[in-house]
Amino acid sequence: MECGLRPGQVVMAPDSPALDLTLTILALGRIGAGVFPYRSGLDPAERLALAELAGVEWLWNPDSAGLVPLSDATQTTDVSPESRAALLIKTSGSSGHPQIVMHGYAGLRASASRVNARLGVTAESTWLCCLRFSHIGGAAILYRAALAGARLRLHDGFDAPTVRRELETHGVTHVSLVPPMLARLLDLGGRAPLSLRVVQVGGQALSRPLAERALAAGWPIQLTYGMTETGSQIATTGALAAEDGGELDTSLVGTLLPDVDVEAPGCGASPERLRIRGPMLMLGYANPERRSGQGLEKGGWFEPADLGCLTDDRRLRISGRADDIRVIGGTNVSLTKVAQVVQEAPGVSEVQIVAGPDPVWGHRLTAVYAGTRDETELADWCQTHLSGPECPRAFLRLERLPLLDSGKYDRARIAALVQSSGC
């Protein structure tokens, strides 16, 4: 406060070391200021552009001058404390263009309290956080642990052997992962640590083979659905198990959290774009004045690009994204569906589908995958399990698919590998 930092202002801070950022977030929260975590090592020019986009007043530079002023103005003097931006997170957004999402204190508390109640997070819980705080999946864990008084084990990013060792030696009860992280942990072998009660898996679709592999090793998997704009999850399953028909259905991402509204058709109809409303929804996308409401519809609704439906018992099913559809030979093809089918092939551990232009068919699909099956064998398998327009025309096998620092697949790099390979 002596430096001039005031309630309602925002401080930009690196997401590593995670402990330093944790203390910074908690301290800023006590005075009513907000935080914008950014990826450590971010190019200074890009960092400045993000700060200007969000009207950030301060930069925390732990290696040199400490708190550095970026702007003289307080952007939020005309709003109530509950409507001030408490947390800003950069995301690609539903449009695919970079956006900065603003969350208020009330929304963060609403999310944390409902998730804690659903997952049984208490002062006796230990949550291991290996998701970076510059992503909502990591930042949300801090608020949940703080609200419940739970123990928090912090990691600066994900390293499978280190995470596995911590899970086994520190009585961890809760952990959040994206599917590639889960796959890396399973590759280490062995049964799930006995202390684990909840392994939340979200961020992208979990394939049925990977889910079956995890359950066979005793991992207590719970699927979750949400995004940066919803303050992390808005729906979650109980412990994952086979449906009455005897098969896992990993497109069912669970029942909605209390007070969450979703407009979607019944699952007897074709899936449509969701509309979401709830107390944990973002204030809006950032702008230099940090005005709320940008990106939200009248009535506080948010429409992501995700396609879905609601079952008769009000469980949410996700069927891919509206921007994931490609027209091939006059047929609408879902890249998500193609990836899910190819993932079922024996000997395939990871897969992403890249759609490139084709002068005759409109698009040409390439399957980028890791596994033991060679390209010719996988092509033959696809011919018998996918329709003509859905069938990839090229295959690129890698030892491992590249990941972002969030743990998700690096789609831009994967697409570049396809282009450079000539597939």
Side-chain angles (χ1 to χ4, degrees), residues 1-42 47 50-51 54 56-70 74 76 81 84-90 100-109 111-113 115-116 121-159 162-163 166 170-176 228 231-232 405-406:
M1 298 290 282
E2 292 181 359
C3 66
L5 175 64
R6 299 190 297 277
Q9 295 185 328
V10 170
V11 177
M12 214 170 174
D15 66 358
S16 178
L19 178 58
D20 289 3
L21 181 57
T22 297
L23 298 176
T24 300
I25 291 173
L26 296 176
L28 292 173
R30 290 183 67 86
I31 65 171
V35 65
F36 183 177
Y38 66 89
R39 177 176 52 80
S40 295
L42 185 68
R47 185 179 65 198
L50 292 173
V56 173
E57 292 88 357
W58 300 91
L59 171 68
W60 174 249
N61 189 341
D63 296 328
S64 56
L67 205 56
V68 179
L70 295 177
T74 299
T76 53
R84 292 171 180 162
L87 176 69
L88 280 68
I89 297 287
K90 177 180 174 291
I100 299 171
V101 173
M102 302 188 298
H103 282 288
Y105 289 104
L108 294 170
R109 185 180 182 90
S111 175
S113 63
V115 172
N116 284 353
V121 180
T122 69
E124 303 304 315
S125 302
T126 298
W127 200 311
L128 187 148
C129 182
C130 54
L131 303 174
R132 301 184 77 101
F133 282 176
S134 52
H135 301 277
I136 192 62
I141 293 171
L142 169 58
Y143 293 101
R144 295 171 199 159
L147 184 62
R151 291 177 292 273
L152 187 60
R153 304 289 306 179
L154 292 171
H155 285 234
D156 289 315
F158 177 79
D159 175 72
T162 303
V163 169
E166 288 245 336
H170 290 282
V172 173
T173 59
H174 293 69
V175 67
S176 291
T228 307
S232 192
D405 59 17
S406 65

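Counting from 1, the numbers follow the sequence of the chain as shown.
The OG1 atom of Thr122 lies 8.0 Å from the NE2 atom of His174; values are rounded to the nearest 0.5 Å. Interatomic distance, CG of Asn116 versus CG of Leu147, reported as 5.5 Å (0.5 Å rounding). The line from CG of Leu88 to NE2 of His103 is 9.0 Å long, rounded to the nearest 0.5 Å. Rounding to the nearest 0.5 Å places OH of Tyr143 at 7.0 Å from OH of Tyr105. In this structure, Trp127 CH2 and Leu142 CG are separated by 11.5 Å, a value rounded to the nearest 0.5 Å. Atoms SG and CG, from Cys130 and Asp156 in turn, are 11.5 Å apart once rounded to the nearest 0.5 Å.
The main-chain N or O of Gly107 is never found under 3.5 Å from a side-chain atom of Ser111 such that the two would form a donor-acceptor pair. Not one N or O on the side chain of Ser16 forms a donor-acceptor pair closer than 3.5 Å with the backbone of Ser40. Remark: side-chain polar atoms of His155 are not paired, donor with acceptor, to backbone N or O of Ala18 under 3.5 angstrom.
Residues Ala13 and Trp60 come closest through the heavy atom pair CB-CB, 4.1 Å. Among all heavy-atom pairs drawn from Phe133 and Gly138, the shortest one is CE2-O, 3.3 Å. Listed here is the closest heavy atom pair of Ala86 and Gly104: CB-C, 3.9 Å. Heavy-atom minimum distance, Arg6 versus Ala33: O-CB, 4.2 Å. Considering all non-hydrogen atoms of both residues, Gly4 and Gln9 come closest at O-OE1, 3.7 Å.
You'll find the side chain of Leu87 reaches within 4.5 Å of the side chain of Ile136, heavy atoms only. Within the 4.5 Å cutoff, no side-chain heavy atoms of Lys90 are placed close to those of Tyr38. Looking only at side-chain heavy atoms (C-beta outward), Leu50 and Phe36 come within less than 4.5 Å of each other. The shortest distance between side-chain heavy atoms of Leu128 and His170 does not fall below 4.5 Å. Within the 4.5 Å cutoff, side-chain heavy atoms of Leu5 are placed close to those of Leu28.
The list of side-chain hydrogen bond (donor to acceptor under 3.5 Å, both in side chains) pairs with a residue in residues 128-141, not counting sequence neighbours, reads Asp15-Arg132, Asp15-Ser134, His135-Asp405.
Each of Ser125, Ser113, Ser232 was scored for a side-chain hydrogen bond (donor to acceptor under 3.5 Å, both in side chains) with Arg144, with one residue passing: Ser232. Residue Arg151 forms a side-chain contact (heavy atoms from CB on, under 4.5 Å) with just one option from Val172, Thr173, Thr126, and that option is Thr126. Checked against Leu21 for a side-chain contact (heavy atoms from CB on, under 4.5 Å), the options Leu19, Ile25, Leu23 give a single hit: Ile25.
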Working for side-chain contact (heavy atoms from CB on, under 4.5 Å), residues Val115 and Val121:
CA-CA 8 Å; Val115 172; Val121 180; 5.7 Å; no
